Amino acid sequence: MRIDVLFGAAEATSADLTGRVVVVIDVLRASTTIAVALANGARAVIPFDSADEVVLRSKSFERSEVRLAAERKMLAVPGVDLGNSPVEFTREVLDGKTVLFATTNGTGALLAVQGAREVVVGAYVNFSAVSALLRAALRGGTDITIVCAGRDRQFSLEDAACAGRYVRFMAKHYPALAYNDAARTAAVLERRYADDLPRLFLDAEHGRALRDAGFGADLDLCASLDAFPVVPIYQDRQITKVGPDRER
Ligand code: MLT
């Protein structure tokens, strides 16, 4: 069995995806926001490339059924309900709603991974829940690919370190796993930061940019390990949470 890491969605080939469980990670902030939204009662999150697509698609829903969320350059796009700030994705705002969601990198990464057996959304806030699903996948003989969304097609430290946490956890349980070099590199990075996520976010370019833009509370939430224990699964063009009946 193997677990591979890709440091950008653009690197993904069909061999990396076909028949595998794929984890998409955009710790700051899209994958965290998706986990928070589903944990706080959103019925589903539907990813889009742009705010224009969000607005267009909203016309096929009753307005009261949906929340429109779109981010560019860290900020909410004018005219929608929400940006990509997970602290704003509360139960009061989201309960029972479908979130139409477009972000700079994270939703594009989700849209780019086609052909996988399953696509799940991973972050620190749902680490143990997603890890349980990954363990079950390996037990059942399915390989894993972790896709880091990155930042503007560049490597991003926080996504790589989070990927490394998943890799190290799996390595503990399955010592005979095979890895690509990116997975080994991610594991080394993870050891460097371990549980010091505030330090990780301070070292990461996007973490500093978010702090400077006034999103310090988002960073605290994104670092809250296992605070939102859901497994978001992307199938049939929408992300919903895996039910409690699913074997782990
Ligand atoms: C993205 O998708 O690029 C990010 O989540 C950006 C952000 O922090 O809003």
Side-chain angles (χ1 to χ4, degrees), residues 5-8 23-40 69 71-76 82-91 93-94 101 103-107 109 120-132 134 146-172 182-232:
V5 170
L6 305 178
F7 288 138
V23 187
V24 175
I25 295 179
D26 181 12
V27 170
L28 300 177
R29 297 166 289 176
S31 61
T32 301
T33 300
I34 290 167
V36 170
L38 293 173
N40 281 341
E71 164 273 334
R72 278 300 176 262
K73 296 189 172 34
M74 298 178 285
L75 302 176
L82 296 158
N84 184 18
S85 184
V87 296
E88 293 176 2
F89 282 62
T90 59
R91 184 166 290 278
V93 174
L94 294 180
F101 192 39
T103 70
T104 307
N105 302 286
T107 54
V120 298
V121 179
Y124 286 108
V125 295
N126 61 351
F127 174 78
S128 296
V130 170
S131 295
L134 299 184
I146 301 178
V147 176
C148 299
R151 188 178 188 223
D152 302 331
R153 295 180 173 266
Q154 303 282 314
F155 176 90
S156 91
L157 184 60
E158 69 280 8
D159 292 345
C162 184
R165 193 178 187 100
Y166 284 99
V167 170
R168 289 188 68 205
F169 181 84
M170 295 305 144
K172 259 189 233 147
R184 289 183 191 281
T185 307
V188 170
L189 272 177
E190 203 280 328
R191 265 199 299 278
R192 163 86 175 76
Y193 290 99
D195 285 329
D196 194 354
L197 299 185
R199 174 70 194 277
L200 169 65
F201 293 166
L202 212 62
D203 283 353
E205 274 186 302
H206 191 48
R208 289 199 305 277
L210 284 166
R211 189 201 50 198
D212 293 348
F215 291 113
D218 284 358
L219 296 179
D220 294 343
L221 186 150
C222 293
S224 56
L225 191 65
D226 288 333
F228 297 89
V230 292
V231 180

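Values in this document were obtained by computation on a predicted structure and should not be read as measured data.
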Checklist line | Evaluation steps, side chain to side chain contact (heavy atoms under 4.5 Å, CB included), between V167 and E190 | finding: CA-CA 9 Å; V167 170; E190 203 280 328; over 6 Å; no
Check: Do R165 and D195 pass the side chain to side chain contact (heavy atoms under 4.5 Å, CB included) test, and can you show the C-alpha distance, the side-chain angles, and the key distance before you say yes or no?
Finding: CA-CA 10 Å; R165 193 178 187 100; D195 285 329; 2.9 Å; yes
Next item on the list: Identify the heavy atoms of Y166 and A123 that sit nearest to each other, and give their distance.
Entry: OH-O, 2.9 Å
Checklist line | L28 CG to M74 CE distance, which is reported to the nearest 0.5 Å | finding: 11.0 Å
Item checked: Where N126 and P232 come nearest, the two heavy atoms and their spacing -> ND2-CD, 3.3 Å
Checklist line | Whether D226 side chain and S128 backbone form a donor-acceptor pair below 3.5 Å | finding: yes
Checklist line | Taking every non-hydrogen atom, the tightest pair across V27 and D159 | finding: N-OD1, 2.9 Å
Next item on the list: Check whether any side-chain heavy atom of H206 lies under 4.5 Å from a side-chain heavy atom of T104, and answer yes or no.
Entry: no
Next item on the list: Enter the distance from D26:CG to S156:OG here, rounded to the nearest 0.5 Å.
Entry: 7.0 Å
Note to self: Looking at R153, I'd like to know if its CZ atom is crowded, meaning that more than 12 non-hydrogen atoms belonging to other residues, nucleotides or ligands lie closer than 6.0 Å.
What the structure shows: no
Notebook entry, point to check: Is it true that a side-chain atom of R168 and a backbone atom of V188 form a donor plus acceptor pair closer than 3.5 Å?
Noted result: no
Next item on the list: In sequence, state the C-alpha distance, the side-chain angles, and the governing distance for F228 and L221, and then conclude on side chain to side chain contact (heavy atoms under 4.5 Å, CB included).
Entry: CA-CA 10 Å; F228 297 89; L221 186 150; 4.2 Å; yes
Next item on the list: Write down the atom of L94, the atom of A37, and the distance for their closest heavy-atom approach.
Entry: CD1-CA, 3.6 Å
Note to self: Which residue in the set N84, V87, L75 passes side chain to side chain contact (heavy atoms under 4.5 Å, CB included) when paired with F215?
What the structure shows: L75
Margin query: So, taking the atom named CZ in F89 and the one named OG1 in T33, what distance separates them when rounded to the nearest 0.5 Å?
Written below: 5.5 Å
Next item on the list: Establish, from distance only, whether the side-chain atoms of D218 and S85 form a donor-acceptor pair under 3.5 Å.
Entry: yes
Check: Just by modelled atom types, is the F201 backbone N or O under 3.5 Å from a matching donor or acceptor in the R208 side chain?
Finding: no
Check: Less than 4.5 Å apart, any side-chain heavy atom of R211 and any of L219?
Finding: yes
Checklist line | CG-CZ distance between L200 and R192, expressed to the nearest 0.5 angstrom | finding: 9.5 Å
Next item on the list: Quick one: closest heavy-atom pair of A30 and F101, and the distance?
Entry: O-CE2, 4.0 Å
Item checked: Full working for side chain to side chain contact (heavy atoms under 4.5 Å, CB included) between R29 and E71 -> CA-CA 10 Å; R29 297 166 289 176; E71 164 273 334; 4.1 Å; yes
Notebook entry, point to check: Taking atom CG of L134 and atom CD1 of I146, what is their separation to the nearest 0.5 Å?
Noted result: 6.5 Å
Notebook entry, point to check: Do you know which two heavy atoms are closest between F7 and A160, and how far apart they sit?
Noted result: CE2-CB, 3.7 Å
Notebook entry, point to check: Just how far is it from atom CG of L197 to atom SG of C162, taken to the nearest 0.5 Å?
Noted result: 8.5 Å
